[in-house]
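Some notes on the structure that comes next.
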Protein chains: 2
Amino acid sequence: MQLRMTNQREMILRELKKSKKHLSADELYERVKKIMPRISLATVYRNLEILSDASMIRKLEISGRQKRFDSELEDHDHIYCIQCHRIENLDIGDKEVNLTEVDTRGYAITGRRLEVIGLCPRCQKKNSKNNAKKAKQGGSTMGCGCKKGVLSDEQKQVLEAMEKCDGPCASKDIAAATGLETKQVSCRITALKKKGYVDSPVRCKYAITTEGKIALNV
Amino acid sequence: MQLRMTNQREMILRELKKSKKHLSADELYERVKKIMPRISLATVYRNLEILSDASMIRKLEISGRQKRFDSELEDHDHIYCIQCHRIENLDIGDKEVNLTEVDTRGYAITGRRLEVIGLCPRCQKKNSKNNAKKAKQGGSTMGCGCKKGVLSDEQKQVLEAMEKCDGPCASKDIAAATGLETKQVSCRITALKKKGYVDSPVRCKYAITTEGKIALNV
DNA sequence: TAGTAAATAGTAACCTTTCGCAAGTCAATC
DNA sequence: GATTGACTTGCGAAAGGTTACTATTTACTA
């Protein structure tokens, strides 16, 4: 099986080299598409796989579900930010990782992958800035993957009723105002809280947050 | 936010602890389902996420696309077999990985993940046994993720024609025998080669492999 | 240069994971 | 003891990322 250097393949390789970051297949696709608008995403995937089989690039399978690719072949490790998911290179001399005295259970070792995990300087700064704000709001759940922009009709109804209310109100009141059942209201409130659009300043009383108001008016 | 120990959650935790392996969500699902047939896959996913947030289990995001989970919390690393995809634990003293003198680019380090890659003893044995065979066949592509069992009707037709042939035959002959167009035959042969069902002992001549014969008779 | 093998675009399908909802369960309050 | 809200669950649907299939095109080699 021989490799042919097609235009597409060449372009994929070039763009990956040009960007010093660790691109995912679809990021690379977006870039290549600007130059070759008719290229297919499948081609990008195929070539990344082929190029990494041929040891012309490296495949990274760390952190999260997307594969990322690296044009640098020399041995190096990676450092990963738990908050912004940035991956950067790390130069570690061989001295720092010493496997010679480890019981490797009879495995024939072909390589190793070291991933250091932490918080990058940018995120550290960002966090210390927003700390006061976040401590008050339910900031801890906000980092999750929920799509914040999308509201169902019922959620919108609940949120609107809550906006009209002065101050915190009970779910009963919302139920009366919207005509929905109490249980349904309760469900919606839970979902809205998760999105950060509603909070509960007093037990069993709820209020719309600033973010909630913004979301409603989009 | 408090955690409740529901039956489902307890069972998931117990099964994960019972099996010493690193299970994926759906493997765990299969096991728990034998005891609680009505449990939902989503529940398994949800609980694995929750339990790992609560540091009651560990989430592994290495090697391949499925997340795997580990009931052992103590710091340990992993060793991964490139051939059978087995993951095993590795006990490495802190001495072996020394990050104190590494430039970590201002990151606040919270952890590290070391994955040693190699070939497990079982696969080593297996390979040395099958070496003669594999060297002849195109064994290198067999490790890929293609589903080997599924054949399209056309593929089956081509394979059958090839089986009837004595020795290697050209794609022209196959085309004549099947009534398919030469171009189509060529496509099918490519796909079949990828699956390991066909090989090309001589340039432009093809033959069905042992694996191909087996696949045909399933 | 002709003919073959490898690569491509486009799309469908796949697998894993997450989400929304309605309903259920439990613990804390009234 | 009834009620309320928080936490869960099962189910179905859908998202997200990746791979497979096939007709067609392109690069390479004899």
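Chain letters run A, B, ... following the sequence lines, proteins first and then strands; every chain starts at 1. Values in this document were obtained by computation on a predicted structure and should not be read as measured data.
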Measure the distance from [atom1] on [X] to [atom2] on [N] and round it to the nearest whole Å.
{"X": "A:Leu41", "N": "D:dG16", "atom1": "CG", "atom2": "P", "result": "14 Å"}
{"X": "B:Leu13", "N": "D:dT8", "atom1": "CG", "atom2": "C1'", "result": "16 Å"}
{"X": "B:Glu30", "N": "C:dT16", "atom1": "CD", "atom2": "P", "result": "11 Å"}
{"X": "B:Ile39", "N": "D:dG10", "atom1": "CD1", "atom2": "P", "result": "5 Å"}
{"X": "B:Tyr45", "N": "D:dT9", "atom1": "OH", "atom2": "P", "result": "16 Å"}
{"X": "A:Leu48", "N": "C:dA7", "atom1": "CG", "atom2": "P", "result": "14 Å"}
{"X": "B:Arg9", "N": "D:dG10", "atom1": "CZ", "atom2": "P", "result": "11 Å"}

Does OP1 or OP2 of [N] have a side-chain N or O of [X] closer than 4.0 Å?
{"X": "A:Gln8", "N": "D:dT26", "value": "no"}
{"X": "B:Ser24", "N": "C:dT16", "value": "no"}
{"X": "B:Thr43", "N": "D:dG10", "value": "yes"}

Show, in sequence, the C-alpha distance, side-chain angles and deciding distance for B:Glu10 and B:Arg14, and conclude whether the salt bridge (charged side-chain N to carboxylate O under 4.0 Å, His left out) test is met.
CA-CA 6 Å; B:Glu10 199 179 347; B:Arg14 186 187 307 159; 3.7 Å; yes

Has the side chain of A:Arg9 got a donor or acceptor atom that lies under 3.5 Å from a matching backbone atom of A:Arg4?
yes

Within the side chain of B:Glu27, is there an N or O that forms a donor-acceptor pair under 3.5 Å with the backbone of B:Ser24?
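Yes; at least one donor-acceptor contact below 3.5 Å.
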
Please classify the nucleic acid contact of [X] as base, sugar-phosphate, or nothing, using heavy-atom distances under 4.0 Å.
{"X": "B:Arg4", "result": "base"}
{"X": "B:Arg46", "result": "base"}
{"X": "B:Asn47", "result": "sugar-phosphate"}

Test: A:Glu15 and A:Lys18 ion pair at under 4.0 Å:
yes

Taking only the side-chain heavy atoms of B:Glu49 (C-beta and beyond), determine which of D:dC11, D:dA27, C:dT18 contains the nearest atom.
C:dT18

Options D:dT8, D:dT19, C:dA9, nucleotide nearest the side-chain atoms of B:Leu3:
D:dT8

